Amino acid sequence: MATKIRKYVLRSHFSGFPQRDALEIVEEELPPIKDGEFLCEAQWISVDPYMRPYTSRLPLGITMIGTQVAKVVESKNDKYSPGDLVSSNFGWVTHTISDGVQQWGGKQGPVLKLDPAIHSSPSTALGVLGMPGATSYFGFLEICQPKKGETLVVNGGAGAVGSLVGQIAKLKGCRVVGFAGSDAKVKYMLDLGFDAAYNYKTVESLDAAIKESCPNGVDLFFDNVGGEFFEVTLSNMNEFGRVSVCGAISLYNATEKPKFRSVSEIILFKQLKVEGFIVARWLDQWPKAFKEISEWIKEGKVKYDEHVTEGFDNMFDAFAGLFTGDNTGKAIVKI
Ligand SMILES: NC(=O)c1ccc[n+]([C@@H]2O[C@H](COP(=O)([O-])OP(=O)(O)OC[C@H]3O[C@@H](n4cnc5c(N)ncnc54)[C@H](OP(=O)(O)O)[C@@H]3O)[C@@H](O)[C@H]2O)c1
């Protein structure tokens with residue numbers, strides 16, 4: 001039987017702050033499934049900052065990209081049964097026919113079946129126990145190589161990635177200083193156990209805030225924001241510091257290229273290790289991260305929050321809210 005679906009199609013590339021009419025909701029019919037295939041119905045869809053820069057490189061007419069948690073409703077594939085919950089890059093679409101294979105950052109992998117022992121709440125597969133969780137885990141532990149007593153600065157500190165980075169750093173014995181965009185988020189970071197937290201929108205000077213909260217300098221920097229924040233934090237780093245360049249959300253909507261300003265002298269004379277990464281680098285190791293993070297959650301050592309928007313029709317608002325700071329914790333849409 002044919003299935004009616006709804007999906008968001010990319011009609012134009014975003015220019016500056018994301019425009020609603022760059023995406024159009026289109027209705028379609030899916031054909032019956034064939035041998036080896038299964039039909040999924042979306043339960044939760046993720047909105048993530050990377051969608052903004054990535055879509056500018058993608059052809060118009062594609063289904064908007066993104067990960068979802070979906071329920072298998074019909075199957076002619078031995079590995080997936082009706083009722084199974086899966087996580088995959090199906091995009092902003094209500095239903096999908098899959099053959100069990102998905103692409104991740106140029107790598108191929110299976111459509112993941114959720115493990116109830118790990119994902120006791122299915123939506124976590126899009127956040128703390130999904131791609132953002134793996135980003136925090138590997139991006140911080142592998143690149144910053146934290147040592148007890150070191151000081152970390154993390155921005156985007158109340159978001160999906162940054163809030164977990166700060167908590168992992170605390171578990172590793174670091175002093176953690178977080179930055180985010182509201183006083184409520186400052187309280188949230190302090191409640192999570194950060195040693196100091198600032199509202200970057202109201203501090204008189206980022207440089208003074210870092211100097212005040214990091215009297216012994218910055219050893220580790222996990223950057224979600226980029227731009228001015230990157231420059232200012234770098235100049236406060238100690239020799240042999242490590243910098244994990246995770247994201248640059250302050251630049252994603254920029255319409256003008258910033259004037260060139262060299263940071264190479266700071267990196268050189270302080271002998272910093274600065275490394276950018278895409279989390280798919282560790283794709284085959286993600287289950288290891290999810291196991292350890294889920295244990296930390298069960299033991300009460302890690303807390304997470306989700307910012308839930310209701311309804312497929314409100315996907316754009318949830319996405320745009322990432323750039324106005326609407327979310328504390330992981331932004332997700334309940335379909
Ligand atoms: N390298 C990778 O593989 C990888 C993987 C996942 C995510 N990332 C990156 O990690 C970063 C965080 O992602 P996430 O999923 O955890 O998102 P998130 O932090 O949950 O949500 C985005 C947050 O960014 C902040 N923000 C928006 N515009 C800003 C600006 N101009 N300056 C400073 N902060 C701004 C907002 O919080 P405020 O209220 O604090 O402004 C907003 O809530 C993003 O840069 C993303 O691209 C990278």
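Atoms within a ligand are numbered from 1 in the order they appear, just like the ligands themselves. Remember, it's a predicted structure, so these values are computed and weren't measured experimentally.
- With ligand atoms numbered from 1 in the order given, ligand 1 contributes 32 (N), 33 (C), 34 (N) to contacts under 4.0 Å with heavy atoms of Val225.
- Checked for salt-bridge contact, Glu28 and Lys7 meet the test: a charged N lies under 4.0 Å from a carboxylate O.
- Regarding atom 2 (C) of ligand 1, its nearest protein heavy-atom neighbour is Phe277 O, 3.7 Å.
- Between Glu310 and Lys334 there is no salt bridge, since no side-chain N of the basic residue sits under 4.0 Å from a carboxylate O of the acidic one.
- When only modelled atom types and interatomic distance are considered, Asp305 and Thr328 share no side-chain donor-acceptor pair under 3.5 Å.
- Panel note: side chain Asp99, backbone Gly36; no donor-acceptor pair is recorded below 3.5 Å.
- Side chain to side chain, Glu142 and Tyr137 fail the donor-acceptor criterion of an N or O pair below 3.5 Å.
- Ser182 does not count as a contact of ligand 1, since none of its heavy atoms falls under 4.0 Å from the ligand.
- Judged by distance alone, the side chains of Ser163 and Lys303 never bring a donor and an acceptor atom under 3.5 Å apart.
- For ligand 1, the polar-atom distance check finds an N/O of Ala160 within less than 3.5 Å of one of the ligand's N/O atoms.
- Under a 4.0 angstrom heavy-atom cut-off, Ala280 registers as lying outside contact with ligand 1.
- Ligand 1 has no atom lying under 4.0 Å from any heavy atom of Phe229.
- In this structure, a donor-acceptor pair under 3.5 Å is absent between the side chains of Asn77 and Ser75.
- Only side-chain heavy atoms of Tyr252 come within less than 4.0 Å of ligand 1; its backbone N, CA, C and O stay farther off.
- Glu29 and Thr3 are not linked by any side-chain donor-acceptor pair at a separation below 3.5 angstrom, with hydrogens and angles left out of the test.
- The protein non-hydrogen atom at the shortest distance from atom 11 (C) of ligand 1 is Asn224 OD1, 3.3 Å.
- What sits closest to atom 21 (O) of ligand 1 on the protein, heavy atoms only, is Asn327 ND2, 3.3 Å.
- Judged as a side chain to side chain donor-acceptor pair (under 3.5 Å), and not counting sequence neighbours, the contacts of Lys211 are Asp207, Asn236.
- A ring-centre distance under 6.0 Å is not found for Tyr252 and Tyr54.
- A single hydrophobic cluster is seen to contain both Val86 and Ile5, as judged by linkage of ILVMFWY side chains at heavy-atom distances under 4.5 Å, directly or through other members.
- Ranking protein heavy atoms by distance to atom 41 (O) of ligand 1, first place goes to Tyr200 OH, 2.5 Å.
- With a 4.0 Å heavy-atom cut-off, ligand 1 is reached by no atom of Lys330.
- Contact annotation for Ser250 and ligand 1: heavy atoms of both the backbone and the side chain come within less than 4.0 Å of the ligand.
- Which parts of ligand 1 touch Lys185 is read off a 4.0 Å heavy-atom cut-off, strictly below it: atoms 37 (O), 38 (P), 39 (O), 43 (O).
- Counting only heavy atoms of the protein, atom 24 (O) of ligand 1 lies nearest to Ile249 CD1, 3.5 Å.
- Heavy atoms of His307 come nearer than 4.0 angstrom to ligand 1 in no pair at all.
- Remark: ligand 1 atoms within the under-4.0 Å shell around heavy atoms of Cys246 are 1 (N), 2 (C), 4 (C), 8 (N), 9 (C), 10 (O), 48 (C).
- The shortest contact between atom 13 (O) of ligand 1 and any protein heavy atom is with Pro49 CG, 3.7 Å.
- Ligand 1 places these atoms under 4.0 Å from at least one heavy atom of Ala180: 40 (O).
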Practice problem: Output, in order, the C-alpha distance, side-chain angles, deciding distance and verdict of side chain to side chain donor-acceptor pair (under 3.5 Å) for Thr124 and Lys330. | Solution: CA-CA 9 Å; Thr124 57; Lys330 179 68 185 102; over 6 Å; no

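- Every atom of ligand 1 is numbered from 1 in the order shown, and the set under 4.0 Å from a heavy atom of Gly329 is 20 (O).
- A salt bridge does not link Asp219 to Lys147: none of the charged nitrogens lies less than 4.0 Å from a carboxylate oxygen.
- Between Leu322 and Ile249, the closest heavy-atom pair is O-CD1, 4.0 Å.
- Annotation: atom 5 (C) of ligand 1 to nearest protein heavy atom, Thr135 OG1, 3.2 Å.
- Under a 4.0 Å criterion applied to the non-hydrogen atoms of Ile278, ligand 1 contributes the atoms 3 (O).
- For ligand 1 and Val279, the ligand atoms under 4.0 Å from any heavy atom of the residue are 2 (C), 3 (O).
- In terms of protein heavy-atom proximity, atom 16 (O) of ligand 1 is closest to Val161 N, 2.8 Å.
- Counting the atoms of ligand 1 from 1 in the order shown, those under 4.0 Å from a heavy atom of Gly247 are 9 (C), 45 (O).
- When side chains are defined from C-beta on, Trp92 counts as touching Ile45, because their heavy atoms get closer than 4.5 Å.
- Contact analysis puts Ala248 in contact with ligand 1, with a non-hydrogen atom separation below 4.0 angstrom.
- Any N or O atom pair closer than 3.5 Å counts here, and Gly181 shares at least one such pair with ligand 1.
- Contact annotation for Leu322 and ligand 1: heavy atoms of both the backbone and the side chain come within less than 4.0 Å of the ligand.
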